[in-house]
Amino acid sequence: MSGETTASSGDGRVVALCGGVGGAKLALGLQTVLGERLHVVVNMADDFEHLGLHISPDLDTVLYTLSGLSDRQRGWGRADESWNFMAALAEVGGETWFSLGDRDLALHVERTRRLAAGESLTGIAADIAKRLGLTAQLWPVTDDPIRTIVVTPDEKLAFQRYFVAHRCEPAIRSIRFDGADKARLSAGVRAALQPEGLRMVVICPSNPYLSIDPILAVPGLRDAVRVAGVPVVAVSPLVGGQAVKGPTRKIMDELGVAADTEAIAAHYRGLIDGLVIDAGDAVGARAVDLPTCAVPTLMTDDASKVRLAQDVLAFGDALCGSTSVR
Ligand code: GDP
């Protein structure tokens, strides 16, 4: 692999499959490099109804991150947030296990109103993305309801109950995506994945089981990626065999999967042409039967996000012409 990019490849669209916090970091780097040529396809199986509101946690994390409004310390929600609503809710005995900041609340109220008025999640996301100044295009993978259900030894938990109320503590036996079999890929995602003008598909370093699998579960998505015939590159969410944040490593242990590069490659086998791994994981990647690119993948600031985006794009371009038959 030469690592050179061709002039024409640089003009093409890039489609990134993305969950929340980890994925959004790379999406920000990609947006800086690509601007409007970036199309981010986002998981919406974490969506839920709470206090009468439709909440889309991953979509909002991407929205706030790409618009520069996110709180970088906390890792979720908006910067410069206040919590008067939560305090007042507690006073009147309301449910307080899921925190909603005062500024953040506006997005949920407005989205809920527009959904009730008959607009689609896709249309609302596109409009709000434009209003908040995103240059990338933002696509919920589907407008149909999909809900992640986590099966533990004792009960079946709706995703936010598992993730927030139970702090990911219960062991996971299996994960299912209710409604996925009937979900239709949104028209915007279908159009973004059309082969003409498409440069590559990037799977962001999101949780493969909770953030990327529900995207891949939408019928037609895998086929659309396959027939596009462009390089498909995944970025491993493991750094030194550990998740940077969240339960990825814990889930791998619970599902009996070794937490290593080989397991991530196996998880995406048949879909990806190459895997970007952290330089610190290069030794353990010898057994991987796919092209790998070992670079620093820990994104701690804007510069490291842009650098990883550039590395991913160069790696994908270098794979061009050598994409495997999937
Ligand atoms: P969530 O839906 O908010 O949990 O976010 P994602 O599923 O998008 O991201 C969670 C994953 O991101 C975890 O597995 C982390 O290991 C991974 N992650 C977070 N930050 C980084 C980073 O800087 N580099 C890499 N390689 N992975 C990261």
Side-chain angles (χ1 to χ4, degrees), residues 16-30 40-48 55-66 70-77 98-99 138 140-141 146 148 150 159-160 162-164 167-168 172 175 177 202-216 233-255 257 259-261 263-265 267-268 275-282 284-285 292-309 311-312 315:
L17 310 187
C18 185
V21 176
K25 287 190 200 172
L26 180 61
L28 180 59
L30 288 166
V40 189
V41 176
V42 183
N43 171 39
M44 41 62 64
D46 299 1
D47 286 22
F48 72 127
I55 301 186
S56 300
D58 282 358
L59 209 50
D60 295 348
T61 294
V62 177
L63 199 58
Y64 291 148
T65 302
L66 298 193
S70 63
D71 185 300
R72 291 171 183 228
Q73 261 76 50
R74 204 184 321 118
W76 55 269
F98 192 88
S99 297
L138 191 63
V141 63
I146 305 182
T148 298
V150 173
F159 179 75
Q160 296 301 337
Y162 162 78
F163 201 71
V164 179
R167 297 194 181 95
C168 308
I172 288 190
I175 302 164
F177 307 115
V202 175
I203 300 180
C204 289
S206 289
N207 185 316
Y209 307 94
L210 293 174
S211 293
I212 302 297
D213 279 359
I215 297 177
L216 298 176
V233 173
V235 181
S236 173
L238 298 177
V239 177
Q242 299 294 331
V244 177
K245 194 172 177 288
T248 303
R249 168 71 204 256
K250 178 174 175 284
I251 293 172
M252 294 177 92
D253 292 344
E254 289 162 0
L255 296 178
V257 180
D260 58 22
T261 302
I264 301 292
H267 191 78
Y268 292 132
L275 183 63
V276 175
I277 59 169
D278 188 68
D281 290 323
T292 55
C293 166
V295 291
T297 67
L298 188 60
M299 294 169 280
T300 51
D301 55 14
D302 285 350
S304 53
K305 289 168 196 158
V306 170
R307 211 162 35 238
L308 181 57
D311 288 338
V312 169
F315 178 56

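As the structure lists them, so they are numbered: ligands from 1, and atoms in each ligand from 1. Not measured: the values here are computed from a predicted model.
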Would [X] count as a polar contact of ligand 1, with the cut-off being nitrogen or oxygen pairs under 3.5 Å?
X    : answer
G23  : yes
K25  : yes
L238 : no
D46  : no
G22  : yes
F163 : no
V235 : no

Report yes or no: does a heavy atom of [X] sit under 4.0 Å from some atom of ligand 1?
X    : value
L298 : yes
P208 : no
D58  : yes

Heavy-atom pair of closest approach, residues [X] and [Y]:
X    : Y    : answer
K25  : V244 : NZ-CG1, 4.4 Å
L210 : P247 : CD1-CG, 4.2 Å
G19  : I212 : N-CD1, 4.5 Å
S206 : G22  : OG-C, 4.4 Å
A263 : M252 : CB-CE, 3.7 Å

Around [atom], find the nearest protein heavy atom and jot down its residue, atom name and distance.
atom                    : answer
atom 28 (C) of ligand 1 : V244 CG2, 3.5 Å
atom 23 (O) of ligand 1 : M299 N, 2.7 Å
atom 8 (O) of ligand 1  : S206 OG, 2.6 Å
atom 1 (P) of ligand 1  : V21 N, 3.7 Å
atom 13 (C) of ligand 1 : K245 O, 3.2 Å

Assign the ring pair Y162 / F159 to parallel, tilted or perpendicular, where the plane angle (0 to 90°) is split at 30° and 60°.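 Answer is tilted, since the angle falls between 30° and 60°.
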Can you tell whether the side chains of R307 and D311 come within less than 4.0 Å, N to carboxylate O? no
Numbered atoms of ligand 1 (with element) below 4.0 Å of [X], judged on heavy atoms:
X    : value
S211 : 2 (O), 6 (P), 7 (O)
V239 : 26 (N)
G20  : 1 (P), 2 (O), 3 (O), 5 (O), 6 (P), 8 (O)
S236 : 26 (N)
N207 : 6 (P), 7 (O), 9 (O), 10 (C), 11 (C)
T248 : 13 (C), 14 (O)
T297 : 22 (C), 23 (O), 24 (N), 25 (C), 26 (N)

Short side-chain to backbone donor-acceptor contact, D278 and P296, under 3.5 Å: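 Not at all, since once roles are kept as given, no pair shorter than 3.5 Å links the two residues.
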Check for a donor-acceptor pair, side chain of K245 on one end and backbone N or O of V21 on the other, with a separation under 3.5 Å. no
Nearest-0.5 Å distance that lies between atom CD in Q242 and atom CZ in R249: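 Reported value, rounded in 0.5 Å steps: 4.5 Å.
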What's the separation between atom CD1 in I55 and atom CG in D60, rounded to the nearest 0.5 Å? 8.5 Å
When I215 is tested against each of V42, I146, D58, N43 for side-chain contact (heavy atoms from CB on, under 4.5 Å), which residue passes? N43
For the residue pair Y268 and L216, establish whether any side-chain heavy-atom pair is separated by less than 4.5 Å. yes
Option set P237, A24, G246, criterion heavy-atom distance to atom 16 (O) of ligand 1, minimum: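 It is P237 that holds the nearest heavy atom.
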Nearest heavy atom to atom 11 (C) of ligand 1: which of A243, G19, P205, P296 does it belong to?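 Comparing heavy atoms across A243, G19, P205, P296, the nearest one to atom 11 (C) of ligand 1 lies in P205.
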Checking side-chain polar atoms at under 3.5 Å, does D301 have a donor or acceptor matched by the opposite partner on S304? yes
